[in-house]
Amino acid sequence: MASLKKHLTSRSLALFLLVIVVSACKVSYTFNGASIDYTKTKTITIADFPIRSNYVWGPMQSIFNNELKDIFANHTKLSQVKRNGDLKLEGEITQYNQRNKSVSSEGYSAQTELSITVNVRFTNNVDHKQDFEKQFTATSTYETTQSLSAVQETLVTEMVKDIVEQIFNATVANW
């Protein structure tokens, strides 16, 4: 009987220690890719990105700025503040171009490639080793038989989503 009691006590102690060790370990996994220590990083400042490109499509600026703010609002617990955030994103849309991508057998342009490049300055006021300035680019192709005005909104929206995901991954996903 004493042996059984001693065995149960040692098992209870082992189980208790296991619970303590497991609960003391801080492992943070999220399904959205963000790996943020919310005990240290609570806020983000996202400045509006102006268009500094020679070629401009007016709605692109608001589409980009809204999408960038939305991804951080929807996929992190960071509070967006106007200034002095723990994280800071700023930059500009530096290029919006189109160029011929392929030529038909008759010698005419068959496809046109549209591209957007965004320059981003990221400041991590919690850990300045993660600060960077980097350019992100996305491209999309459309048939030259279509007019740019007919496909522009759809293609710009797709490219903006691509760039915003690249920025999100580079800043808070630590891939």
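Because only heavy atoms are used, hydrogens play no part in the values below, and waters and symmetry mates are left out as well, while side chains stay in. Owing to the predicted nature of the structure, the values given are computational and were not obtained by experimental measurement.
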With sequence neighbours left out, write down each residue that passes side-chain contact (heavy atoms from CB on, under 4.5 Å) with T154, or none if nothing qualifies. E158
Taking side-chain contact (heavy atoms from CB on, under 4.5 Å) as the test, write out the residues that go with K42, two or more places apart. D86
How many angstroms lie between [atom1] in [X] and [atom2] in [Y], if you round to the nearest 0.5 Å?
X: L155; Y: E153; atom1: CG; atom2: CD; result: 10.5 Å
X: Q61; Y: N66; atom1: CD; atom2: CG; result: 10.0 Å
X: F168; Y: I71; atom1: CZ; atom2: CD1; result: 5.5 Å
X: L89; Y: T123; atom1: CG; atom2: OG1; result: 8.5 Å
X: F64; Y: E92; atom1: CZ; atom2: CD; result: 10.0 Å
X: E113; Y: R99; atom1: CD; atom2: CZ; result: 4.0 Å

Keeping to residues at least two apart or across chains, list the salt bridge (charged side-chain N to carboxylate O under 4.0 Å, His left out) pairs with something in residues 44-57.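 Residue pairs passing salt bridge (charged side-chain N to carboxylate O under 4.0 Å, His left out), neighbours aside: D48-K69.
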Specify the closest pair of heavy atoms between [X] and [Y], including all atoms of both residues, with the distance to one decimal.
X: A173; Y: S35; result: O-OG, 3.4 Å
X: A138; Y: D162; result: CB-OD2, 3.5 Å
X: Q130; Y: F122; result: O-CD2, 3.5 Å
X: T139; Y: S115; result: CG2-CB, 3.6 Å
X: F49; Y: I93; result: O-CD1, 4.2 Å
X: A47; Y: E90; result: CB-CB, 3.9 Å

Flag, side chain of [X] to backbone of [Y], donor-acceptor distance under 3.5 Å:
X: T41; Y: Y38; value: no
X: N97; Y: I116; value: no
X: N124; Y: L87; value: no

Say whether [X] and [Y] are linked into one hydrophobic cluster, either directly or through other cluster members, by side-chain heavy-atom distances under 4.5 angstrom.
X: F132; Y: L68; answer: yes
X: F72; Y: V81; answer: no
X: V56; Y: I163; answer: yes

So, do [X] and [Y] sit near enough that their side-chain heavy atoms are less than 4.5 Å apart?
X: L78; Y: I36; answer: yes
X: Q80; Y: I46; answer: yes
X: M60; Y: I63; answer: no
X: Q135; Y: V118; answer: no

Residues two or more places apart in sequence or in another chain: which of them pass salt bridge (charged side-chain N to carboxylate O under 4.0 Å, His left out) with E165?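 If we apply the salt bridge (charged side-chain N to carboxylate O under 4.0 Å, His left out) test to E165, skipping adjacent residues, there are no hits.
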Which one of N119, T117, V164, V120 satisfies the side-chain contact (heavy atoms from CB on, under 4.5 Å) criterion with F136?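 It is V120, the one option of N119, T117, V164, V120 that forms the side-chain contact (heavy atoms from CB on, under 4.5 Å) with F136.
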Keeping to residues at least two apart or across chains, list the ring pair (Phe, Tyr, Trp, His ring centres under 6.0 Å) pairs with something in residues 77-101.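 Sorted pair list: Y55-Y96.
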Report all side-chain donor-acceptor pairs from residues 140-148 shorter than 3.5 Å, counting only partners two or more places apart or in another chain.
{"unit_1": "Y142", "atom_1": "OH", "unit_2": "Q98", "atom_2": "OE1", "d": "2.8"}
{"unit_1": "E143", "atom_1": "OE2", "unit_2": "Q111", "atom_2": "NE2", "d": "3.0"}
{"unit_1": "T144", "atom_1": "OG1", "unit_2": "S109", "atom_2": "OG", "d": "3.2"}
{"unit_1": "T144", "atom_1": "OG1", "unit_2": "A110", "atom_2": "O", "d": "3.3"}
{"unit_1": "T144", "atom_1": "OG1", "unit_2": "Q111", "atom_2": "N", "d": "3.2"}
{"unit_1": "T144", "atom_1": "OG1", "unit_2": "T112", "atom_2": "OG1", "d": "3.2"}
{"unit_1": "S147", "atom_1": "OG", "unit_2": "S149", "atom_2": "OG", "d": "3.2"}
{"unit_1": "S147", "atom_1": "OG", "unit_2": "A150", "atom_2": "N", "d": "3.3"}

Please step through side chain to side chain donor-acceptor pair (under 3.5 Å) for the pair T43 and S79, ending with a clear verdict. CA-CA 5 Å; T43 61; S79 296; over 6 Å; no
